[in-house]
Amino acid sequence: MSDNHRDSHPEPGAPRATKNFIEQAIDADLAAGKAAGVFTRFPPEPNGYLHIGHAKSICLNFGLAKSYDGTCNLRFDDTNPSKEETEYVESIQEDVRWLGFQWDNLHYASDYFEQLYQWAEQLVQDGHAYVCDLDAEKTREYRGTLTQPGTNSPYRDRTPEENLELLRKMKAGEFPTGARTLRAKIDMASPNLNLRDPVMYRIMHAHHHRTGDQWCIYPMYDWAHGQSDSIEGITFSICTLEFENHRPLYDWYCRTLGIHHPRQIEFARLNMTYTVMSKRKLLQLVKEKHVNGWDDPRMPTISGLRRRGYTPESIRNFATDVGVAKFNSTIDVIRLENSVREHLNRVAPRRMVVFDPIKLTITNWPEGKVEMVEATNNPEDESAGTRMVPFSGSLLIGSDDFREEAPRKFFRLKKGGAVRLRSGYIIDCHDVVKDASGNVTEILCTYDPETKSGQDESGRKVKGTIHWVSAEQAVKVEVRNYDRLFAVENPEVAGEGQTFLDHLNPDSLTVTEAFAEPELAESKPGDRFQFERLGYYVVDRDSGEQLVFNRVVPLRDSWGKMVAKGKDN
RNA sequence: UACCCCGUGGUGUAAUUGGCAACACUACUGAUUUUGGUUCAGUCAUUCUAGGUUCAAGUCCUAGCGGGGUAGCCA
């Protein structure tokens, strides 16, 4: 096992150097014979799209199963028909698969509704559950507060016979929505509010995405989740911290029913800077059209990251990298961006694309001549080979790469200076052409024929290398430069009368036209490239006649940093 | 102010379970470079505080401080 994270490019679930607290707990249980193996599950509610936080949980659950040679199920926690939709069921499966995981079994909590009901009758008959007629408001009043104990429901002491009859009538649809509940009979004075006679079933005359109108009573999370785990033979039920207070109830149900008892272990959910992670807020962003759908490349959803150009491998690496603990931390989004940079640096072919172009004419180039020059596809990977790029006397370069007058530290092209054209020749700038208002419209250079890339024996050295395209052969493309969706580290912190929406970054998307080397015309949606000296880009599915590229993430830019700090001269 | 959980560099995670505080990322320096990318080297800590146990405490004990969670017929 390597202790070096940098050379670990894990397959799904590959082992890491040190064990996290969950693995240590598993080791202990396994050694003590408390668990027969590692059987986990990923249990999303199909009421929204999966996001990067879920990715952490997916990597954890599937990863644990893989490294311990166990199994991991995908189970939809579909116990609330009013929120759940088939659309979400499908997107979730797609996202899990795309991340590189395959579940051993696909289940739905709704598959267990009948079994759950049988167990409910058992609890009723054993005097562990009762039908309560209190409405929602009264139930809350009777529950007490954080500092005061609750009081017993007046319906708490109904006989098992009476309860059974009422429960059957509830199930048969004889009462309206919200009229009654089935509650576990535990302890209204418990300091843990989850144990103050929690509701097991509520009446909802609603259409369920899978069971249709078969049921009008639906189990609550606590009543469904642990039992579903139990039925599936789950041994370690991994969930997030907010369920910690639910564990005593989880245990109570399994113990009281006398069924297989998985161990629930909680870990801290992922928080990340410059984004929001709650399903409610993500839904709001979509519904109010602050973004263009769930898979908008600015969204932290798996589908958004996919469209943004993130690779599954980079997300898996990120998940392993941030680790698992119980401390409520916030991960710097830079780490996510780094993980995709690190991967794409190794695998993305390089291409030259010019933004905000300015014309550059080579005055000593033979009229009309086009020369094909050889360019390296990826200096990090020799097997990626080379490609041919057309070079001519009429070129386009980025206007950022030229200044008529420039400070000492400006290594790019300036009047009277020289620079290498990537994969081409060294050129010397001797003059510029300006329009009436004094703006440079054309740069005039000569090229040095002795300095052709790959066969340069001139010994000439220049400080800068810039990219370019041949004006005639360049392909016009659309570029969508995405940036962070929010302008502040923690959008949740909003001032008086503000919401997280007030922190949306107005510059999260900048669309521009750019000029690409012709090779790029062949690319298809999903293809990823490094635009040399600029960043990583992916072909968007919106591409048609004209290609559309999304910026995954820019390259590190130490020059830009110097400029920002005023250290550029 | 009830109960539960958590406090280790700027960030996140470790520390053979009582034995030299480590790894990664960021930031900053420098080197290399036909991408101001990549790569390489270096720099950055009173382990929340105060006591205690011990030859030895990030780790164990006590008290305090700080952060998070919990009062859905949501999950």
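A, B, ... follow the sequence lines: proteins, then strands. Residue 1 opens every chain.
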| said: Can you tell me whether the base of B/G72 sits syn or anti, using the 90° cut around 0 to define syn? | reply: syn
| said: Determine whether a donor-acceptor pair (N or O, by modelled atom type, separation under 3.5 Å) exists between the side chain of A/Asp448 and the backbone of A/Ile426. | reply: no
| message | Tell me if a side-chain donor or acceptor on A/His467 pairs with a main-chain N or O of A/Val354 at a distance below 3.5 Å. | response | no
| Syn/anti state of B/U17 by chi, 90° boundary around 0 | syn
| request: With a 4.0 Å heavy-atom cut-off, tell me which residues in residues 173-191 of chain A come close to RNA chain B, sorted by residue number. | output: A/Gly178, A/Thr181, A/Pro191
| said: What contact category does A/Arg412 fall into here, base, sugar-phosphate, or nothing, at under 4.0 angstrom with non-hydrogen atoms? | reply: base
| field | Spacing between A/Glu517 atom CD and B/U35 atom C1', to the nearest angstrom | value | 13 Å
| request: Using a 4.0 Å heavy-atom cut-off across all strands, classify A/Gly454 as base, sugar-phosphate, or nothing. | output: base
| task | Would you classify A/Phe243 as touching base, sugar-phosphate or nothing, given that sugar-phosphate means primed atoms plus P, OP1 and OP2, and contacts are heavy atoms under 4.0 Å? | result | base
| request: Please work out if A/Leu134 contacts a base, only the sugar-phosphate, or nothing of the nucleic acid, heavy-atom cut-off 4.0 Å. | output: base
| task | Would you kindly compare A/Cys132 and A/Asp456 by the position of their nearest RNA chain B nucleotide and give the one closer to the 5′ end? | result | A/Asp456
| task | Under 4.0 Å between any heavy atoms, over every strand shown, what does A/His467 touch: base, sugar-phosphate, or nothing? Just pick one. | result | nothing
| field | For A/Ser453, all residues meeting side-chain hydrogen bond (donor to acceptor under 3.5 Å, both in side chains), sequence neighbours excluded | value | A/Arg420
| note | Under the rule of Watson-Crick or G-U wobble with both distances under 3.5 Å, where | means paired to another strand and [ ] a crossing pair, RNA chain B maps to .((((((..((((.....[..)))).(((((.......)))))....(((((..]....))))))))))).....
| query | Quick one: is A/Arg556 getting a side-chain N or O under 4.0 Å of the B/G36 phosphate, OP1 or OP2? | reply | no
| Is the backbone N or O of A/Gly535 less than 3.5 Å from a side-chain atom of A/Arg341, with the two atoms forming a donor-acceptor pair by type? | no
| message | Applying a 4.0 Å non-hydrogen cut-off, can you work out what A/Glu380 is touching in the nucleic acid: base, sugar-phosphate, or nothing? | response | base
| N/O donor-acceptor pair, side chain A/Arg420 with base B/U34, under 3.5 angstrom | yes
| request: Flag as yes if A/Tyr221 stacks onto the base of B/A75 (centroids under 5.5 Å, planes under 30°), otherwise no. | output: no
| Would you say the side chains of A/Arg460 and A/Thr451 form a donor-acceptor pair under 3.5 Å? | no
| field | Minimum heavy-atom distance between A/Asp111 and A/Arg210, given as atom pair plus value | value | OD1-NH1, 2.8 Å
| Rounded P spacing from B/G9 to B/A50 in Å | 16 Å
| Taking only side-chain nitrogens and oxygens of A/Ser558, does any of them come within less than 4.0 Å of OP1 or OP2 of B/G37? | yes
| message | Mind checking if A/Glu45 touches a base, just sugar-phosphate, or nothing, with heavy atoms under 4.0 Å? | response | sugar-phosphate
| query | With distance as the sole criterion, do the side chain of A/Glu242 and the base of B/U70 form a donor-acceptor contact below 3.5 Å? | reply | no
| query | Taking only N and O in the side chain of A/Asn338, is any of them less than 4.0 Å away from OP1 or OP2 of B/U26? | reply | yes
| field | N or O in side chain of A/Arg140 less than 4.0 angstrom from B/G72 OP1/OP2 | value | yes
| query | Can you give one letter per nucleotide of nucleotides 13-18 of chain B, going 5' to 3': B for a protein heavy atom under 4.0 Å from the base, S for sugar-phosphate only, - for none? | reply | SSS-B-
| request: For A/Phe318, report the nucleic acid contact type (base, sugar-phosphate, nothing); a contact means any heavy atom under 4.0 Å. | output: nothing
| message | Would you measure the distance from the P atom in B/U16 across to the matching atom in B/G67 and give it in whole Å? | response | 30 Å
| task | List for me each residue that meets side-chain hydrogen bond (donor to acceptor under 3.5 Å, both in side chains) alongside A/Ser399, sequence neighbours excluded, and say none if there are none. | result | A/Asp356
| task | Give the ring-plane orientation class for A/Phe243 versus A/His246, where under 30° counts as parallel, over 60° as perpendicular and anything between as tilted. | result | perpendicular
| Test item: A/Arg528 side-chain N/O and A/Ala348 main-chain N/O as donor-acceptor pair under 3.5 Å | no
| query | Are the side chain of A/Tyr49 and the backbone of A/Leu282 linked by a donor-acceptor contact shorter than 3.5 Å? | reply | no
| Atom CD1 of A/Ile466 to atom P of B/U33: distance rounded to whole Å? | 20 Å
| task | Indicate the ring-plane relationship of A/Tyr250 and A/His225, choosing parallel, tilted or perpendicular according to the 30° and 60° boundaries. | result | tilted
| said: Does A/Arg351 qualify as a cation-pi partner of A/Phe529, given the criterion of NZ or CZ under 6.0 Å from the six-membered ring centre and within 45 degrees of its axis? | reply: no
| When the ring planes of A/His208 and A/Tyr218 are compared, do they come out parallel, tilted or perpendicular, using 30° and 60° as the limits? | parallel
| request: Please determine if a side-chain N or O atom of A/Arg202 lies less than 4.0 Å away from the OP1 or OP2 oxygen of B/C74. | output: yes
| note | Per atom distances to the A/Met220 side chain, the nearest of B/G72, B/U35, B/U70 is B/G72
| query | Which is true for A/Pro379 with a 4.0 Å heavy-atom rule: it touches a base, it touches only sugar-phosphate, or it touches nothing? | reply | base
| task | Without swapping roles, check the side chain of A/Arg196 against the backbone of A/Ser190 for a donor-acceptor pair under 3.5 Å. | result | yes
| Distance test, side-chain N/O of A/Thr147 to OP1/OP2 of B/A71, below 4.0 Å | no
| said: Both A/Ile334 and A/Glu137 contact RNA chain B. Taking the nearest nucleotide for each, which residue is further toward the 5' end? | reply: A/Ile334
| query | A/Ser423 near the nucleic acid: base, sugar-phosphate alone, or nothing, with a heavy-atom cut-off under 4.0 Å? | reply | base
| Listed nucleotide nearest any side-chain atom of A/Arg533, set B/C73, B/C5, B/G36 | B/G36
| request: Tell me what A/Arg350 touches on the nucleic acid: a base, only sugar-phosphate, or nothing, going by heavy atoms under 4.0 Å. | output: base
| message | Under 4.0 Å, counting only non-hydrogen atoms across every strand here, what does A/Pro81 touch: a base, just sugar-phosphate, or nothing? | response | nothing
| request: Report yes if at least one side-chain N or O of A/Arg143 is closer than 4.0 Å to OP1 or OP2 of B/C73; otherwise report no. | output: yes
| query | Can a side chain N or O of A/Lys567 be found less than 4.0 Å away from OP1 or OP2 on B/U29? | reply | yes
Below 3.5 Å, can you tabulate the donor-acceptor pairs from side chains in residues 324-334 of chain A to any protein atom, sequence neighbours excluded?
| residue | atom | partner | partner atom | Å |
| --- | --- | --- | --- | --- |
| A/Lys326 | NZ | A/Glu244 | OE2 | 2.4 |
| A/Asn328 | OD1 | A/Asn271 | ND2 | 3.3 |
| A/Asp332 | OD1 | A/Ile334 | N | 3.1 |

| task | Check every strand shown and say whether A/Asp222 touches a base, only sugar-phosphate, or nothing at a heavy-atom separation below 4.0 Å. | result | nothing
| query | Could one point to a donor on the side chain of A/Ser453 or the base of B/U34 with an acceptor on the other under 3.5 Å away? | reply | yes
| task | Rounded to the nearest angstrom, tell me the gap between atom CG in A/Asp78 and atom C1' in B/C74. | result | 14 Å
| note | To the nearest angstrom, the CG-P distance between A/Asn192 and B/G69 comes to 16 Å
| field | Side chain A/Arg335 and base B/U11 donor-acceptor under 3.5 Å | value | yes
| said: Mind checking if A/Lys463 touches a base, just sugar-phosphate, or nothing, with heavy atoms under 4.0 Å? | reply: nothing
| query | At under 4.0 Å, does any side-chain N or O of A/Lys138 touch on OP1 or OP2 of B/C73? | reply | no
| field | Smallest separation among heavy atoms of A/Asn47 and A/Lys83, with atom names | value | CB-O, 3.4 Å
| message | So for A/Arg341 and B/G37, does any side-chain atom that can act as donor or acceptor lie under 3.5 Å from a complementary atom in the base? | response | no
| said: Whole angstroms only, please: what is the CG-P distance between A/Asn194 and B/C5? | reply: 14 Å
